[in-house]
Amino acid sequence: MSQHPDFKKWQELAEKQMKGKSIDTLNWQTPEGITVKPLYTAEDIEGLDSVNSLPGIAPYVRGPMATMYAGRPWTIRQYAGFSTAKESNAFYHKALAAGQKGLSVAFDLATHRGYDSDHPRVAGDIGKAGVAIDSVEDMKILFDGIPLDKMSVSMTMNGAVIPILAGYIVAAEEQGVSHDQLSGTIQNDILKEYLTRNTYIYPPTPSMRIISDIMTFCSENMPKYNTISISGYHMMEAGANSVLQTAFTLADGVEYVKAALKSGMDIDQFAPRLSFFFGIGMNFFMDIAMLRAARFLWFRLMSEYNPKNPKSSMLRTHCQTSGWSLTEQDPYNNIIRTTLEAMTAVLGGTQSLHTNSFDEAIGLPTDFSARIARNTQIIVQEESQVCNVIDPLGGSYYVESLTNEIIDEAQKIIDEIESLGGMAKAIESGMPKMRIEESAARKQARIDQGKDVIVGVNKYKLTDEKIDFEVREVPSSVRDEQIARLVEIKASRDTKLVEKTLNDIKEAAKNGGNLLAAALPAVRARATVGEISDAMESVFGRFVATTRCISGAYSSEYDANPEAINAIKERTTKFLEAQGRRPRLLVTKMGQDGHDRGFKIIASAYADLGFDVDISPMFQTPAEAAKMAVENDVHVVGASSLAAGHKALIPALIEELKKLGGHDIVVVAGGVIPPGDYDFLFKAGVAAVFGPGTPIPDSAGRTLALLEEKFLS
Amino acid sequence: MLITAQDYVLGILAGDRLTLARTITLIESILPIHQQLAREIVDTLLPHTGKSVRVGITGVPGAGKSTYIESFGTMLTQKGHNVAVLAIDPSSTRSGGSILGDKTRMEKLAVNEKAFIRPSPSSGTLGGVGRKTRETMLVCEAAGYDVVIIETVGVGQSETTVASMVDFFLVLMIAGAGDELQGIKKGVLEVADAIVINKSDGDNIHRTKLAQREYETALHMLMPASANWSPPVLTCSSLFSTGIEEIWQTIIKHRDAFTESGEFEQKRKEQALEWMNFLVEDGLRSWFYLNPEVKKLLPDLKSAIALQKLSPTAAADKLLSLLIQVSG
């Protein structure tokens, strides 16, 4: 087939309507670098490999299952966890009673990084961004009254994956559930931690070995358990566009496959238990096409390993709506955003879904906001009648064409990674991280200029923002409760047995025994998460990341309103002339929160605006950040907080600065901070708080005004 | 609030971190009033300077300089030394701002109480790297730091300046793909007191040994600057802290050999003279360019040259004759 016989006629009509302008002016350049036309026709999908397959049959573009939602809808799986195991357990029971089908556990950052709740480094993180788990006793409380032989449990854990998975297995044992009855998923995707989320513990090589150990143990003992969830979600949240998300996620997957094959397993022994996790953003058709393209690409990539079991090359995925797309401003809009994203995931053919709560840019989900979030997808599933037809967009000229474009673009990046020696080597080279950061900086510049519209943030702003709903706060007493329980456990256990089992873990780490198998006796003996992590750390060491930062990406994308940028550049130059140096800013992340997107965009954009920007290492204590601020003699410290640690960490930073004599150093805060906490922070001495979505020229201008007032007047 | 030079001096001698940091800010400032105050402070502190081991470290981007300093500096603090690290960061953007990320690669050393790390942007200030860094080194010595490490990127002009102010100049390399001498200028190798090949770990050990031999051959072809010292080629792994102790021992050996031969004293004297020359040239240059007559005439002369109405020689003569009038 060729051009539609009426195409010329249409083009003439269209150009007439546009008063003579070419229809090419309606083309849209997506962030992925794809040119989207205003109209697609049959011609666009002619001869494409990815068109016209059937669901459940390779290459699985239309879905991994033959009947898809017509047979059984996706699993409603809400990610949750906060405070103590007891509080989280009560929350799970309520959610299950209200229509949720599977559990998904969020752990706090201390647990992720392998620290017990009594460790001084994590004082601000306990129970904040997830539930605090120190030992199997906490794990038993977490799953109290939840039959682990029936409930599929997904756990987001990557760093401290050995003690946590072992804790779950032993908690099940003590419920009388055998290993082979367990079903669910452990995230266990360490590669993306080095790329974006930073909740790793060990260096890459031993971390990859841990993954192989888990795959081996589970393939022998837990056949119904998914041993890895290869995650693109965090890449998207860090700023990756849909092509980057697809390419890097699948390249991670290939790397795990190679590692498992290298450890001696057969492809069909583990590949059917690989699962994926994609993030779904506001670009509706793009992300529908992304899921379809990912299934095609995975099939093609896996075919090279000649699996016999079709499940080995079938991409099954969980999806989550984008937390980053949610705004602090006019937050009820977030319900609508989440609904659209949920539709995207469903039309793309996800196997399970988490829908975000509308208050996630403000605080932790409450019972109320969690109910709305859950109901968002229940309504899509049970009221909208979308489940009745499999892949309803199959054959759409646009969606099929877009699917094919993503396949081609992502394949190019996958090939590039392969030429670098695979994803592990590519990560070492810094390539994927730089691409994601560049993509993030460009996105921020488009938003700040209003090219990408966000209602309530850069368009149709409210003049009077107010919070008329409850905001959940985790009390600092959670830490005391956890410490008390640790003391109790340590007093009542057999110390000799704990020592012996921990030594066995060290031996296994040194001599190549299976680490998950070695951890089980230690967990049974009530060794803690921190102790088991330490035992392995004594052999493997703790990984330290290199923070690289790109410059120029923000200002090269920001071209719509050069006056705003130039005005700030002029002011930084004036500051230099008056003060003898440029305004100097330290951006720091305290606590165990590893989300470094905002922090890096700020560094990169502020440098473009004429600031000298110091970047602190990740995971600082307030005292460490203060030492760096004083030593580098900065004018202002910007503390980024996304994990609810701000009320403890930021006032502590101000105290530490005073101790070192840095009374005149200005402190500003940014990130996910509930507006209700602003006054608390102002009283503690914070000069300004920038919520999510503050355009960079605004925050830079306000920061500069503070400095001008303090140092130039 | 610190007001007088004396306040600064007392603070520095007491080892106060904040005062040291703020003195460095004065040194780096482009304001004449700050520079004046800084000069006063440095002059008063001079009797308390000179007692540190001054080590310069350079290498191509990606050679692992910061990671090396993390490992090297941590070892020195464990030995009881107080370590100051002055990092000259080249990552300035067109706007003049910069991203200073060195400490993210020196996570342990950055929080070490016995260490002081100061990254400095290289652009936007008068006088260049030389003036600022040398004075900063002196105040660090007065504050009690007995090892001062100056880190610079080996792709600009700053490395020879740094070599002329330290006792020991170390060039960090990695075993690269193919051309081992890529990116580093021959001039840098000529001023090296040792070459260290980093990242000698895991499956890279074989390649570093190979590179070691290549550099040894290359160095043999250069005439050593001193009869008492042939620059060795060493290997290390910053990641696993192997070979780091040997490098420190090499620096000590170099110091002992040079002290015994009298070259240590001689080198520092020469450096002081060079320093004076540098200051004179630097002072002349800024005095000249800040002269109102020069400032007025320069743009016209530049465009005249561009339009080929005037030869560069004639333009220079015109400008320099102004100088004679000014001083006469």
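Atoms considered below: every heavy atom in the structure, side chains included; atoms not considered: hydrogens, waters and symmetry mates. Protein chains get the first letters and strands the later ones, always in sequence-line order, with residue 1 at the start of each. Everything numeric in this text was worked out from a predicted model, so none of it was measured.
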Rounded to the nearest 0.5 Å, what separates atom [atom1] in [X] from atom [atom2] in [Y]?
X        : Y        : atom1 : atom2 : result
B/Ile30  : A/Glu577 : CD1   : CD    : 6.5 Å
B/Thr104 : A/Met618 : OG1   : CE    : 10.5 Å
B/Thr19  : A/Asp633 : OG1   : CG    : 10.0 Å
B/Ile99  : A/Phe611 : CD1   : CZ    : 13.0 Å
B/Leu100 : A/Asn632 : CG    : CG    : 7.5 Å
A/Gln620 : B/Glu107 : CD    : CD    : 7.0 Å

Problem set entry | chain B contact via A/Ala623 - side chain, backbone, both or neither, heavy atoms under 4.5 Å | neither

Seminar exercise, completed: So, the part of A/Ile665 with a heavy atom under 4.5 Å from chain B: the answer is side chain

For this session: Determine, step by step, whether B/Lys103 and A/Met628 satisfy the side-chain contact (heavy atoms from CB on, under 4.5 Å) criterion, reporting the C-alpha distance in whole Å, the side-chain angles of both residues, the deciding distance to 0.1 Å, and the verdict.
Result: CA-CA 9 Å; B/Lys103 287 198 191 182; A/Met628 184 159 170; 3.6 Å; yes

Search all heavy atoms of [X] against all heavy atoms of [Y] and return the closest pair with its distance.
X        : Y        : answer
B/Pro121 : A/Arg584 : CD-NH1, 4.1 Å
A/Asp614 : B/Pro119 : OD1-CG, 3.8 Å
A/Ala578 : B/Leu31  : O-CD1, 3.2 Å

Taking atom [atom1] of [X] as the centre, report whether more than 12 heavy atoms of other residues, nucleotides or ligands fall under 6.0 Å from it.
X        : atom1 : result
A/Glu709 : CD    : no
A/Lys258 : NZ    : yes
A/Lys574 : NZ    : no

For this session: Taking A/Lys627 for its side chain and B/Arg17 for its backbone only, find out whether a donor-acceptor pair lies under 3.5 Å.
Result: no

For this session: Go through the structure and list residues passing side-chain contact (heavy atoms from CB on, under 4.5 Å) with A/Glu570, not counting sequence neighbours.
Result: none

Problem set entry | Test: A/Glu631 and B/Arg118 ion pair at under 4.0 Å | no

Exercise. Side chain to side chain donor-acceptor pair (under 3.5 Å) with A/Tyr115: which residues, sequence neighbours excluded?
Worked result: A/Arg542

For this session: List the steps and the verdict of side-chain contact (heavy atoms from CB on, under 4.5 Å) for B/Leu18 and A/Leu660.
Result: CA-CA 7 Å; B/Leu18 179 86; A/Leu660 294 174; 5.8 Å; no

Exercise. In terms of heavy-atom pairs under 4.5 Å with chain A, which of B/Ile24, B/Thr25, B/Asp102 leads?
Worked result: B/Thr25

Exercise. Where on B/Ile117 is there a heavy atom nearer than 4.5 Å to chain A: the side chain, the backbone, both, or neither?
Worked result: both

